[in-house]
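Just so we're on the same page: letters track the sequence lines, and every chain starts at 1. Values below: every heavy atom of this structure, side chains too, minus hydrogens, waters and symmetry copies.
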4 protein chains.
Amino acid sequence: MTKTLKAAVLGASGYTGAETVRILRNHPHVDAVAATGNALAGQKLSGIFPHLGTRNDLDVVKAEDVRWDEVDVAFGCLPHGTSQDLIETLPSHVKIVDLSSDYRFRDPSAYAEAYGREHIAPERTASAIYGLSEHAAEQLKGADLVACPGCYPTAVLMVLLPLMKPMVIDKDAIIIDAKSGASGAGRGLKEGNLFCEVGEGTHAYGVGTHRHTPEIEQELDLRAGLSDIEVTFTPHLLPMTRGEHVTCHLRGDVDAVHSALASAYQGQPFVSVLPLGSPPPDTRHVRGTNDCRIAVFPDRAKGRVIVIAVIDNLVKGSSGQAIQNLNLMMGWDQALGLDALLPLFP
Amino acid sequence: MTKTLKAAVLGASGYTGAETVRILRNHPHVDAVAATGNALAGQKLSGIFPHLGTRNDLDVVKAEDVRWDEVDVAFGCLPHGTSQDLIETLPSHVKIVDLSSDYRFRDPSAYAEAYGREHIAPERTASAIYGLSEHAAEQLKGADLVACPGCYPTAVLMVLLPLMKPMVIDKDAIIIDAKSGASGAGRGLKEGNLFCEVGEGTHAYGVGTHRHTPEIEQELDLRAGLSDIEVTFTPHLLPMTRGEHVTCHLRGDVDAVHSALASAYQGQPFVSVLPLGSPPPDTRHVRGTNDCRIAVFPDRAKGRVIVIAVIDNLVKGSSGQAIQNLNLMMGWDQALGLDALLPLFP
Amino acid sequence: MTKTLKAAVLGASGYTGAETVRILRNHPHVDAVAATGNALAGQKLSGIFPHLGTRNDLDVVKAEDVRWDEVDVAFGCLPHGTSQDLIETLPSHVKIVDLSSDYRFRDPSAYAEAYGREHIAPERTASAIYGLSEHAAEQLKGADLVACPGCYPTAVLMVLLPLMKPMVIDKDAIIIDAKSGASGAGRGLKEGNLFCEVGEGTHAYGVGTHRHTPEIEQELDLRAGLSDIEVTFTPHLLPMTRGEHVTCHLRGDVDAVHSALASAYQGQPFVSVLPLGSPPPDTRHVRGTNDCRIAVFPDRAKGRVIVIAVIDNLVKGSSGQAIQNLNLMMGWDQALGLDALLPLFP
Amino acid sequence: MTKTLKAAVLGASGYTGAETVRILRNHPHVDAVAATGNALAGQKLSGIFPHLGTRNDLDVVKAEDVRWDEVDVAFGCLPHGTSQDLIETLPSHVKIVDLSSDYRFRDPSAYAEAYGREHIAPERTASAIYGLSEHAAEQLKGADLVACPGCYPTAVLMVLLPLMKPMVIDKDAIIIDAKSGASGAGRGLKEGNLFCEVGEGTHAYGVGTHRHTPEIEQELDLRAGLSDIEVTFTPHLLPMTRGEHVTCHLRGDVDAVHSALASAYQGQPFVSVLPLGSPPPDTRHVRGTNDCRIAVFPDRAKGRVIVIAVIDNLVKGSSGQAIQNLNLMMGWDQALGLDALLPLFP
């Protein structure tokens, strides 16, 4: 079968851009035909990311130099702000799967508040599909503009959405302690991303103020039909490259929680809800894959439940889910190009 | 000044044993004169731990081969169970600073429940001093038997004890998410301690069931004058060697919490309560030292407070605090031998 | 197309066993149908290696409980010694691809000297095919017993074999400085494999005495038609899980060396000889793949050449090459099941 | 005793600057009284390096704002080039201990060739003392300007200098394979220093061209009374923060080599030449200290010797040796302020 879809990767010099190109290599129906970058335009992609190799190499070009008439879909792998500025200039026949935060807020003023700038296309963000794949399969079909959830919201919402309706937990006592590897912060040249500042230690960041919190609350409210859910969300940087681990401290009945999760994801190829009594899942178990593993634990303290989810932040948390979303947009099997990804352990 | 105290280290082949020997090297009044081990008796300590070097080397001997009449104090660096079995055979003139969990429970039946065996000296555990140094200075003076807190309880109680009386937080909503480096699990040959099983990933363990939870609750109850405090305590293994980070998700007023902590530790040489608004502390900032740094953060969600504490699990979390306790037992400056430890960064 | 070959994995509880199972998941013609283990017999493979998941799970059984009449090929993933003891009991219709060192020596007495025990099937080791895939394609066709090279010899010989005939380097000045991640040492419970003993440091081992040296020399002699080649081979343990890096310090002409390598591997799907002037290759560039990247550098000192090769020790250095060898034994495309492995970076 | 010497640290925002401040905290005769920085002037040093804490905090100021009349000695912790530009402006009463490469070359044209710029004070570099402490004790006494060796040359020359006269090795077959942690590259914001680019992998750099090679050759020639020694020097970046490991592949007699080293360092407090037959030294054994451990190994191949040295690149490889040099300049015990540094393991 010939590959039917031509894809451009916007911002191919970052980790999510490279990961998108990497995964598409195995996709039976999609070819990456263009890679954009500003500072690095003129280079080969294999020069920027030697692991991608020189076979099927791409030239990195400025976005305006892409032959857009030959492109069917664009993956937005740019920082927020930059993303909308480019995406809004693209011809309308190009389907958009955006990995930035630019189209995640259904209310443009929430975006403005969280990100400190007005959205340049407020009606577009309001109508974009929020692509948490397992929860948006129907809306994704035929969609033109999809906003992929942030890596943290992906893991958190995979746990919490199925618990919202019926509400099987105390909605006023949701506490999420999250841990991420350093690739979640991207390839930017910041002191906090240096090996010597990340290795052999850990710290929290964005305590009480992280911008993924309102994104999480938006989706919980929507699902629950409420408008006042508040969660505590505290992320930590761990001395590892890939992997995201969320520990959700909840109040509720352990069996009700487990059963809501198990039935929500029955038959889903990428989500495993472990049987009660299983050992805790590990980010190693999903490294390099689009998988999400979820486990439910009773606490010694009565009425409290702990739910843990692990994903690879660069796959299910970004590029993998983006491709899963494209599959769903096209009406294909959602696992295309993704089920060949095997977890790399050790 | 001649060194006045002779110390034996029980179980010198583990990490806390080696760390005790290492720190004592710089102590002006204490000499490590004996190191015990069973499997490794007959070897030089420098053969087991090359970093300790051959100067001032010690022979590792069986406990029965120590000349106890020449020993003033013993540091118990053995696993629980093994520790009491040996300590109860020592002559009564030997002061004991035990780093195991064997003498931490004031109620022997709580020990039996948590550790699955009867205590062989129940009255001794009941009367031992629980040596969280900053909170036990008075009781430690002249004590003969001191139980050092576990590494997790150390960090957690440094945060929570000052909040108990007056109770400035909601005692029914205490949630502790803890993270530790692998040295907390010791030098035991377990699959879970292998480099390939710890590196580049993370997982929780003991979820809902960890044995440090009742130890924490015991001390909270005692301080608060209550008997029913229940905490959620969820530890995680991080891909790093040293360092412990506890994130306490609490309900209360951020100023009241900060002020209770700041006044509790004013003038303490090893504890820093960071000003409100400081960046989150990092385990790197205390690596290799007896320091504890604490920071308080308001949450977006009203009425919630997040308190973070970081320590080095092998120093303040075990060997360093043990030596601090000895200093207090002897009526010395509590910082002797410890203030020369400088944080190793990067 | 139905899968035509049934494979057993001997010693499925080690890293190379798990990696073999993992890679076979994507192989179009081979199914792993049996997994053996002694200590762990009775367990599910997914219990021992949770990353493998419960789909297509295997029961780990003792070797004697495998239904050998339904097995076509066995991958030997056992330690040396143990491997021959089992392999020599298997029915003769079972093709063997052994990853241990047991059948690598063409001279049984060389085996005995290096490994300290007599070989139980000396004529079998003498006739086994030494499966450095790119250099043994012809002999592998139809072979029944293949000995896969050690991980270090794989990387080293990929560099040195093409330089032997004609001899374009000084054969008396071959110095190999090698570096490996900890997975090369397997999953054994040894102190030296613990996270705290591997992380944040490095050391050499087997200095002047490593058992891979005679294996390397055997193949160099054979290729060169000589019997006296001596190499210096010094391996180092690095604080990483996967990856092997060999730095070959040679004497010769840089262009002659590069050209011998480039022509040896022209058209090979898994080997890249980088153009002169390229940046040094990195183990990250091949992680999780069967690739080998080789680069040649002139030294400031005249007449000296430095050649670097990188592989993933668990793939090209063991399980991947084993499957590549099976492909060649069966006359299939050597890349089957292996070309879907994409390098995991970051 | 009051501290008698006031020190300024030039370039206090880099790792060697911070390490110098850290070690001086324990020095009985030296106080760090000034810290310079350009971009970060106006900040507290504890804000830039939180591990240094707020006790004895320093204001970071521009160099021109230091009260130089109150300063006795300056530690140059700046990049090459920048270092000489500042040092040459300082008043002449200020003794200089420079950690950059600016004053290491005795021949200014060698500097120009290696570093691509003319030296602004050629006669000064020609007369500076090359401060490899153990080999320069006499010249250091009373010196005004000391150039500390690079971290690699330090480890390499500790091995090779004692072998030069009498020449107990083949001077035409010196091959040095070196490995360093990422802190050797400093705190600069370069892609190659990011956690995701350093962790879980390794690569060589500066292959055949590294600027430490001519520095090494200069000192070997000088010691040997020759002018044509050429060494192969190949450094590798390892996924760890601190630690430097050099593997010297030499030709000579193992006993002669060991004996030359053992007698060269007899009685030296920071150098251990391990007995023949010892296990290989590990960078962990010297982490955080000014120690250097050296071990000698026979190779299987006749006439070849392997010598390994390990240091902490930030201590013996830079800040520690700088302070050792100051001690020697002042005629003090060379171990002042340094012998309290205990190796941090695990």
Side-chain angles (χ1 to χ4, degrees), chain A residues 14-16 18-19 21-27 46-47 49-55 181-187 193 199-201 239-242 269-270 272 274-275 278-289 291 293 295 310 312-315 337 339-346, chain C residues 14-16 18-19 21-27 46-47 49-55 181-187 193 199-201 239-242 269-270 272 274-275 278-289 291 293 295 310 312-315 337 339-346:
Chain A
Y15 292 140
T16 57
E19 189 70 351
V21 171
R22 186 181 83 96
I23 299 175
L24 288 179
R25 289 265 169 93
N26 276 345
H27 198 292
S46 67
F49 286 111
H51 74 291
L52 292 175
T54 52
R55 263 172 249 157
S183 63
R187 210 183 198 185
N193 289 348
E200 270 299 302
M240 60 191 203
T241 293
R242 285 178 184 241
F270 296 121
S272 308
L274 305 185
S278 299
D282 193 304
T283 58
R284 284 166 201 85
H285 301 161
V286 298
R287 181 165 46 202
T289 76
D291 296 346
R293 293 197 184 178
V310 293
D312 182 321
N313 55 298
L314 287 182
V315 188
D339 49 8
L341 298 173
L342 303 166
L344 198 72
F345 174 84
Chain C
Y15 292 140
T16 57
E19 190 70 351
V21 171
R22 186 181 83 96
I23 299 175
L24 287 178
R25 289 266 169 91
N26 275 346
H27 198 292
S46 67
F49 285 111
H51 73 290
L52 292 175
T54 52
R55 264 172 248 158
S183 63
R187 211 182 199 187
N193 290 348
E200 270 298 303
M240 59 190 204
T241 294
R242 286 177 184 239
F270 296 121
S272 307
L274 306 184
S278 298
D282 193 305
T283 59
R284 284 166 200 84
H285 302 160
V286 298
R287 182 166 45 202
T289 76
D291 296 345
R293 293 198 184 178
V310 294
D312 182 320
N313 55 298
L314 288 181
V315 189
D339 49 8
L341 298 173
L342 302 167
L344 198 72
F345 173 86

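Considering all non-hydrogen atoms of both residues, Phe345(C) and Arg242(A) come closest at O-NH2, 3.5 Å. In terms of heavy atoms, Leu344(A) sits closest to Gly288(C) at CD1-CA, 3.7 Å.
Residue with the most contacts toward chain A among Arg25(C), Arg284(C), Arg55(C): Arg55(C) (heavy-atom pairs, distance under 4.5 Å). Here Ala340(C) is the residue among Ser183(C), Gly53(C), Ala340(C) with the most heavy-atom pairs under 4.5 Å with chain A. With chain C as partner, the option from Ala182(A), Pro269(A), Ser272(A), Ser278(A) having the largest number of non-hydrogen pairs under 4.5 angstrom is Pro269(A).
Here Phe49(C) pairs with His51(C) under the ring pair (Phe, Tyr, Trp, His ring centres under 6.0 Å) rule; sequence neighbours left out. With sequence neighbours left out, the side-chain hydrogen bond (donor to acceptor under 3.5 Å, both in side chains) criterion links Ser46(C) to Asp57(C).
With hydrogens and angles ignored, the 3.5 Å screen pairs a side-chain donor or acceptor of Arg22(C) with a backbone N or O of Leu342(A).
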